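Please read the structure below before turning to the comments.
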Amino acid sequence: EAAVTQSPRSKVAVTGGKVTLSCHQTNNHDYMYWYRQDTGHGLRLIHYSYVADSTEKGDIPDGYKASRPSQENFSLILELASLSQTAVYFCASSEEGYAEQFFGPGTRLTVL
Amino acid sequence: AQSVTQPDARVTVSEGASLQLRCKYSYFGTPYLFWYVQYPRQGLQLLLKYYPGDPVVQGVNGFEAEFSKSNSSFHLRKASVHWSDWAVYFCAVYNQGKLIFGQGTKLSIKP
């Protein structure tokens, strides 16, 4: 069964601090994605990657960096966390860009 | 620009009643379309997908959707809802390597 795991599952960070969210997939998928979900909103794409060692900007990349060191791992980095980055973050993977995306359980980030 | 609109933020139906959740898309050409479901405190799961072909697609748990090019719509339907269908439903369109999601429709079930 396809599996996407995220760590941590929840985190409290201080304003101005650095936060790293990690995602690991065992699907052997080339595509990986980071989304954020805010209460009452849909998912918005932050960064994505279709090959290791390369990342692409999504629709809302400002304030975020991404890293894809291997096919299995995809990290989201907040260098200077801000209050507005409080949200739930989802990682997903897919075999192709147009194919089904498999989502992780999410990371609830609270920035104080 | 490519986009997805789900006009109903919230829908409430009685258990056993039929359901339609609306989705309108904006896309130049023939789109690839998806419906995902998000149960409480979980990630999204695929319900069904449309790739160009038969306009009516079947999904899991008795869900189906119908693609209409003339109406730019991809509405989700179910003949008889169950309390376990209580969730948020997202419509999405594929565009240049990524999915564009609608805002979601929160479905509540009356006993």
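Side chains are part of it too, since the values below use all heavy atoms of this structure and drop only hydrogens, waters and symmetry mates. Residue numbering restarts at 1 for every chain, and letters A, B, ... go by the order of the sequence lines. These numbers come from a predicted model, not from an experiment.
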Where does the angle between the aromatic ring planes of B/Tyr50 and B/Phe67 fall among parallel (under 30°), tilted (30 to 60°) and perpendicular (over 60°)?
-> parallel

At a heavy-atom separation under 4.5 Å, does A/Leu45 approach chain B through its side chain, its backbone, both, or neither?
-> side chain

Examine whether an atom of A/Tyr98 lies under 4.5 Å from a heavy atom of chain B, and if so say whether it belongs to the side chain, the backbone or both; otherwise answer neither.
-> both

Would you please classify the geometry between the A/Trp34 ring and the A/Phe74 ring as parallel, tilted or perpendicular, with 30° and 60° separating the classes?
-> tilted

Chain B contact via A/Tyr35 - which portion, at a heavy-atom distance below 4.5 Å = side chain

Hey, are B/Gln2 and B/Gln96 close enough side-chain-wise for a donor-acceptor pair under 3.5 Å?
-> no

Best-contacting candidate, B/Ala92, B/Gly104, B/Gly43, B/Gly102, against chain A by heavy atom pairs under 4.5 angstrom = B/Gly43

Quick one: is the NZ or CZ of B/Lys78 closer than 6.0 Å to the six-membered ring centre of B/Phe63, and within 45° of its axis?
-> yes

Measure distances from A/Gln37 to the heavy atoms of chain B and classify the residue's part below 4.5 Å as side chain, backbone, both or neither.
-> side chain

With a 4.0 Å cut-off, would you call A/Arg44 and A/Asp59 a salt bridge?
-> no

Where on B/Ile100 is there a heavy atom nearer than 4.5 Å to chain A: the side chain, the backbone, both, or neither?
-> neither

